[in-house]
Number of protein chains: 2
Amino acid sequence: MKLNTKSRYAVMALADLAKFSSQNPVSLRDISLRQNISILYLEQIFLKLKKNFIVRSVRGVNGGYVLNKNPQDIKIAEIFLALDEKVKTMACKKDIKKSCTGKSVKCITHNLWDELDIHINSFFENKKLSDLLIKQQNRAQ
Amino acid sequence: MKLNTKSRYAVMALADLAKFSSQNPVSLRDISLRQNISILYLEQIFLKLKKNFIVRSVRGVNGGYVLNKNPQDIKIAEIFLALDEKVKTMACKKDIKKSCTGKSVKCITHNLWDELDIHINSFFENKKLSDLLIKQQNRAQ
DNA sequence: TATATACCCGACTAAAATAGTCAAGTTTTA
DNA sequence: TAAAACTTGACTATTTTAGTCGGGTATATA
């Protein structure tokens, strides 16, 4: 069970943005250099972040991206959601078709995965982008 | 982010075992039929469960597998561990080699994944195989 | 004591998912 | 007007996952 790189990079890139975009937009080029992520890959990621209004773009020379909200208003959960990475431990709909009547062993494990989903999602619902930055400050001292 | 089938099948099979193995060993053939999992795949899974002393095997005619402990003493966490499926959201050791000094953006996200790991693992640490069975009884009524 | 039943184990493969690139744009502003 | 920067869809190599194959070994019972 592993998170994919897109989700990870998205969080990294947004943390970077939160740190550097207070005045001017930050170009993907800069993020790419600092975080060591390919620009082309960042483009894919930011496209989705933009569609979900987590960032907005500024075109033209000296353009780039800016956070669309305050870091304390950006839940980690919504970043994942933007990347179609809602934490779903299993897609059991296929199984339900056959034989899944609520009494089978299959179903009791389904129940477990549902609880897990809720557990994980609540973790991300309660985490904000700003939480990460605060941690960093404490640590840097 | 998805759990793999081995972990899921392992939990299903063990729940099946808990239900049917109180007197006699249960053959993989029976589990295979009831849970609709290939015997060959079950063999792989039970090999690991056995190595980790979660089940023991009874060879020969009418043989099969039996739980090695009471269901209330089997943590879901140890089932996952047996299958090398410790919940690890990312393998960041590669990244640490370059540039990860505790101050970079990379590191603050690492911190987030660590917290997530702890969060998920504690969920499985506190869940027992017996918890699933209790649920099933309630539901069947 | 033969044999059917059942476990044991390493190697293999097809299919799916993931990570990342390419090409060919459009928009904006200095 | 040209450079900087975003936009988009299609593509591909690599890795992971799921599941199979083949050829065993052990043992209980008829």
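Note that these values count all heavy atoms, side chains included, but never hydrogens, waters or copies made by symmetry.
- A sub-4.0 Å separation between OP1 or OP2 of D:dC6 and a side-chain N or O of A:Ser57 is absent.
- The interatomic distance linking B:Asp30 (CG) with C:dT5 (C1') rounds to 12 Å, in whole Å.
- Picking from D:dA18, C:dA19, C:dA6 the nucleotide with the shortest atom distance to the side chain of B:Arg29 gives C:dA6.
- Atom NZ in B:Lys48 sits about 11 Å away from atom P in D:dA18, given to the nearest Å.
- Side-chain atoms of A:Ser32 do not come within 3.5 Å of backbone N or O of A:Ser38 as any donor-acceptor pair.
- Here the C1' atom of nucleotide C:dA6 and the CZ atom of B:Phe46 are 13 Å apart, to the nearest Å.
- Within a 6.0 Å sphere centred on CG of A:Asn62, other residues, nucleotides and ligands contribute 12 heavy atoms or fewer.
- For D:dA18, neither phosphate oxygen OP1 nor OP2 lies less than 4.0 angstrom from any side-chain nitrogen or oxygen of B:Tyr9.
- In this model, the phosphate group of D:dA18 is approached by a side-chain N or O of B:Thr5 to a distance below 4.0 Å at OP1 or OP2.
- Nearest nucleotide to the side chain of B:Gln44, out of D:dG19, C:dT21, D:dC21: D:dG19.
- Atom P of nucleotide D:dA18 and atom CD of B:Glu43 are separated by 18 Å, given to the nearest angstrom.
- Between D:dT7 and A:Tyr65, a contact under 4.0 Å exists linking OP1 or OP2 to a side-chain N or O.
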Practice task
Start with the C-alpha distance between A:Tyr9 and A:Leu14, add both sets of side-chain angles, then the distance that settles side-chain contact (heavy atoms from CB on, under 4.5 Å), and finish with yes or no.
Solution key: CA-CA 8 Å; A:Tyr9 288 169; A:Leu14 287 172; over 6 Å; no

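- If A:Gly60 and A:Ile39 are placed on DNA chain C by their nearest nucleotide, the residue sitting closer to the 5' end is A:Ile39.
- Comparing atom distances between the A:Val61 side chain and each of D:dA18, C:dC9, D:dA4 picks out D:dA4 as nearest.
- In this model, no donor atom of one side chain and acceptor atom of the other lie less than 3.5 Å apart for A:Tyr65 and A:Ser27.
- The nearest whole Å value for the distance from the CG atom in A:Leu40 to the C1' atom in D:dG9 is 13 Å.
- Between the OG atom in A:Ser7 and the CZ atom in A:Phe124 there is a gap of 8.5 Å [rounded to 0.5 Å].
- We find that CG of B:Asn4 is positioned 15 Å from C1' of D:dT15, with the value rounded to whole Å.
- Distance OH (B:Tyr41) to C1' (D:dT20): 11 Å, rounded to an integer number of Å.
- Along DNA chain D, the nucleotide nearest A:Leu47 and the nucleotide nearest A:Asn62 are compared for position; the residue whose nucleotide lies closer to the 5' end is A:Asn62.
- A donor-acceptor contact under 3.5 angstrom links the side-chain atoms of A:Arg59 to the base of C:dT26.
- Atom-to-atom, CG of A:Leu33 to P of D:dA5 comes out at 11 Å; the value is rounded to the nearest Å.
- Here C:dC7 is the nucleotide among D:dT8, D:dA5, C:dC7 with the atom lying nearest to any side-chain atom of B:Leu28.
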